[in-house]
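What follows is a single structure, written as structure tokens, with notes after it.
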4 protein chains.
Amino acid sequence: MQSRTPGTSGTPAPRPGRPRSAAADAAILAATRQALVELGWSKLSMGDVASRAGVAKTTLYRRWTGKNELVVDAVAELFDELRLPDRGSLTADIEGVVLQFAAILARPEARSGLMAVVAESTRDDALRERIRDSIVDRQKRLVLEGRSRAQSRGELPPESDPAESARTVDLIFDVVAGAVVHRTLVSAEPADEVWVRDFTRLLLGGLPAAATP
Amino acid sequence: MQSRTPGTSGTPAPRPGRPRSAAADAAILAATRQALVELGWSKLSMGDVASRAGVAKTTLYRRWTGKNELVVDAVAELFDELRLPDRGSLTADIEGVVLQFAAILARPEARSGLMAVVAESTRDDALRERIRDSIVDRQKRLVLEGRSRAQSRGELPPESDPAESARTVDLIFDVVAGAVVHRTLVSAEPADEVWVRDFTRLLLGGLPAAATP
Amino acid sequence: MQSRTPGTSGTPAPRPGRPRSAAADAAILAATRQALVELGWSKLSMGDVASRAGVAKTTLYRRWTGKNELVVDAVAELFDELRLPDRGSLTADIEGVVLQFAAILARPEARSGLMAVVAESTRDDALRERIRDSIVDRQKRLVLEGRSRAQSRGELPPESDPAESARTVDLIFDVVAGAVVHRTLVSAEPADEVWVRDFTRLLLGGLPAAATP
Amino acid sequence: MQSRTPGTSGTPAPRPGRPRSAAADAAILAATRQALVELGWSKLSMGDVASRAGVAKTTLYRRWTGKNELVVDAVAELFDELRLPDRGSLTADIEGVVLQFAAILARPEARSGLMAVVAESTRDDALRERIRDSIVDRQKRLVLEGRSRAQSRGELPPESDPAESARTVDLIFDVVAGAVVHRTLVSAEPADEVWVRDFTRLLLGGLPAAATP
DNA sequence: GGTTAACCGAGACGGTACGTCCGGTCTTAAG
DNA sequence: CTTAAGACCGGACGTACCGTCTCGGTTAACC
């Protein structure tokens, strides 16, 4: 939820003059998601979002530099709902979180927005950075959390080489996120329980081999 | 490479009037790729492509309904370069084709265009169909070819259940394509030989488990 | 009815090859007038006229250089209907022909077309020439005929100075044509019998003064 | 000079938001006249006028509904220069104002524009109304002023019947305006002093007869 | 009775302008 | 200094015609 004047995390540092409306931020992001549902990314316009939010266009541009940044923030909030459930086994935990991920990608505001900003980010490094910070890296916590939980259950051995370990986390993340996105958006087939079961088998079956240096 | 009036595969059935210029098609698709490289998808405009190709805007609209369809055809040609190399083993074959795939995704005309049209396709069924026909399904041949070659080498058992087999092909395709795309475009890390080796280990290691019903 | 290859008035000078369809000419001019009625000059398009006439666009351009020339020919035929009636007195004759002229200008194909080509002719000398030859000068016969008839009746004296006489004919023509057109198209009031009676009084009352050198 | 939102004559009633630029109006009308001179009505384009005026196309369309309305306003300003000179006699006054009128019609921006909008007005009642209000009726003041001045000089009797009088004013206006326009644009001969002298003789000679009921 | 040359329909072609929409910026008055 | 409102410049959109061209095929007059 970074804005043009990035959120000074600590004290608000009260500037002179009229302070910005806090309600406006929420209204704008909600309006953006609504517009994504109804229109999709390419037909979503700043003016339309502004009038949906009951706000002037200038108010948008004071907070975000453009459509891309706005959509990143609007979509990022969706992925913060992801939780790693404790279902008792690594297999079940993975299946649970993948199903949650698939459920989010089934929502039109996520489908429309996510791929569009990724596409834009191929030519805009600042945007890619923002996507990484706001969306991608924030969800790596799930992989880390899942691994440590499996280790405490004894399903996985404690990692030895930290560099090796980081590489494996990244690989898993690319495989999970990539496969679900591809299944959902490109193949346009549902990532349902059957598919998730098969996929999880593949992933867990391959893990030991991948972890070998 | 479908146009607005899809190619009647058999006899050309010479319609009355001046026939469409074949040279124009090639010039337009090349100009589109060039524009993708220089400008990216969102700043690519039909007028610009037309003038690069030395063609009138109407000539574009006579052949494609819009920017999305045009870009799909322009990008599709890139992926037809993919070949399954014969490197002697299943592992090596997979590594080879994945590296080729990664090399295509490293080209800016593919990066820019591919994700954008996928994003648009989330709200346009005809476009998704076109992407599937022109790009995705056409490359599944690689998976099929690789499997039959491995079977003839004795690396894989002949499939028994055809439905089960089709499901596995789809799964592999989603995993391979998804992981490489995610690594390349979202994580923005190179899918180099090291990564491909790790990924291939994961995939081949998990295959037996995934193939179990 | 001049065409691009202007009508060699005498012998048709039979060129080799297939001769032009005579029926097409009539159909095109009729279609032009119909289009003028329904669409007006500015929304009339060559393609539309062609399809109304059941003819290809090339056939139009083979005969006329453009829209303006075509419309001039189509409108010119309307004014050839004008006849000088013999109502027994100069006053009555003038009133009769002025009413006929007003009736033609009340038809939408004449209103729309005439002023438009005159407007265009302000920047196109060839077009002005064509208008003069096809429309304007051809109707001066009415003034000449009216005068000689009045002279034979003894209502007007025979002219003495030929130059002076020509100047008067031109003046009368400008006054009559100009006044009726202005009344009809600019003031947008009908040039009815009452108005024509008043106008004719003014004209005939002023004639002796104007004819004095 | 009416705009899309006609000038509320009284208080400006300050609407919210940025007010319209007054300078833009003048620049646009001047650019329109310049374009009429260089290109004529049919080759004048809104985009060209906009760029000449240093203004966006949207700014034109915010103020005028189309080319016709814009040209009417641009041309109307030309005719507001007309003044009734006091040359001591009715004859001389008329000759003076007719020469002025002819001088305006000799300017290419007037020739091109005036007839074109009159032609268009044959199919557009709102446009005809606009022409009447902005150009035609505004100049009838000249006829009225000339008559009252002639009456005060004793050259004309005071009018008795007001309806009769109004009809005569309209008739004179149609004759004067029509004849000068026809002489200038259709006959394409100059309305010079000789012609104006002859025409004025005709007009004044006929007036007594026309004024008789 | 074949040759031949101009005709004809259809429709694609390179252009130009259209009138609209949107992106971002700016200028107001109000808070 | 922020806000709502809305005008501003610029650029792209997709469409409509322009006048030209390139086809396959027809039609009359000459040989």
Side-chain angles (χ1 to χ4, degrees), chain A residues 14-21 24 42-51 53-67, chain B residues 14-24 42-51 53-67, chain C residues 5 14-21 24 42-51 54-67, chain D residues 14-24 42-51 53-67:
Chain A
R15 289 174 297 173
R18 177 171 171 179
R20 287 191 182 161
S21 158
S42 64
K43 304 208 168 178
L44 175 151
S45 75
M46 297 296 269
D48 183 68
V49 169
S51 71
V55 142
K57 255 200 305 178
T58 32
T59 301
L60 265 72
Y61 283 106
R62 219 172 279 119
R63 289 166 160 81
W64 290 274
T65 56
K67 184 163 142 175
Chain B
R15 290 178 299 170
R18 179 174 173 175
R20 289 193 181 160
S21 159
S42 64
K43 302 207 169 178
L44 175 153
S45 73
M46 297 295 270
D48 183 69
V49 169
S51 70
V55 142
K57 243 193 321 173
T58 42
T59 300
L60 266 72
Y61 284 108
R62 218 174 276 122
R63 289 165 162 79
W64 291 275
T65 55
K67 185 164 141 174
Chain C
T5 44
R15 289 175 297 173
R18 176 176 173 178
R20 287 191 181 156
S21 158
S42 64
K43 305 209 164 176
L44 175 152
S45 76
M46 297 297 269
D48 183 69
V49 169
S51 72
V55 142
K57 253 199 308 177
T58 34
T59 301
L60 266 72
Y61 283 106
R62 221 173 275 122
R63 291 163 159 82
W64 290 274
T65 56
K67 183 164 143 175
Chain D
R15 289 178 300 170
R18 179 174 172 176
R20 289 194 180 158
S21 159
S42 64
K43 303 207 167 177
L44 174 152
S45 76
M46 297 296 271
D48 182 69
V49 168
S51 71
V55 143
K57 247 195 315 175
T58 42
T59 300
L60 266 72
Y61 284 107
R62 217 174 279 122
R63 290 165 161 79
W64 290 277
T65 54
K67 185 164 141 172

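The basis for the numbers below is simple: all heavy atoms, side chains too, and nothing from hydrogens, waters or symmetry mates. Letters go in sequence order (proteins before strands), and every chain restarts at 1.
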What residues form a side chain to side chain contact (heavy atoms under 4.5 Å, CB included) with A53(A), not counting sequence neighbours?
A27(A), I28(A), A31(A), V55(A)
Is there a donor-acceptor pair under 3.5 Å between the side chain of K67(D) and the backbone N or O of L44(D)?
yes
Taking NZ from K43(B) and P from dC22(E), how many angstroms apart are they, rounded to a whole number?
19 Å
Taken to the nearest whole Å, CZ/R20(D) to C1'/dC8(F) is 11 Å
Could you list all N or O pairs between the protein and nucleotides 21-23 of chain F that sit under 3.5 Å apart?
from, atom 1, to, atom 2, distance (Å)
dC21(F), O2, R18(B), NH1, 3.2

Distance in angstrom units between K67(C) NZ and dT20(F) C1', rounded:
18 Å
Looking only at side-chain N and O atoms, does T59(D) come under 4.0 Å of OP1 or OP2 in dA7(F)?
no
Using the side chain to side chain contact (heavy atoms under 4.5 Å, CB included) criterion, which residues pair with S45(C)? Sequence neighbours excluded.
D48(C)
Test for a donor-acceptor pair under 3.5 Å between the base of dG19(E) and the side chain of K57(D), counting only N and O atoms.
yes
Minimum heavy-atom separation for R20(C) and R62(C), please, with both atom names.
NH2-O, 3.3 Å
Taking atom P of dG24(E) as reference, at what distance in whole Å does atom CE of M46(A) sit?
7 Å
Atom CZ of R62(B) and atom C1' of dG14(F) are separated, to the nearest Å, by 13 Å
What residues form a side chain to side chain donor-acceptor pair (under 3.5 Å) with T59(B), not counting sequence neighbours?
none
Looking at dC18(F), dA4(F), dC13(E), which one has an atom nearest to any side-chain atom of S21(B)?
dC13(E)
Rounded to the nearest Å, what distance is computed from the OH atom of residue Y61(B) to the C1' atom of nucleotide dA17(E)?
15 Å
Between R63(C) and dC8(E), does any side-chain N or O lie under 4.0 Å from OP1 or OP2?
yes
Closest to the 5' end of DNA chain E, once S45(D) and A24(C) are matched to their nearest nucleotides, is A24(C)
Grab the CZ-P distance between R15(D) and dT27(E) for me, whole Å please.
18 Å
Atom of A24(B), atom of R63(B) and distance for their closest heavy-atom approach
CB-NH2, 3.9 Å
Between L60(C) (CG) and dC7(E) (C1'), how many Å, whole number?
15 Å
Grab the two heavy atoms, one from A50(A) and one from A56(A), that are nearest each other, plus how far apart they are.
CB-C, 4.1 Å
Tell me what L44(A) touches on the nucleic acid: a base, only sugar-phosphate, or nothing, going by heavy atoms under 4.0 Å.
sugar-phosphate
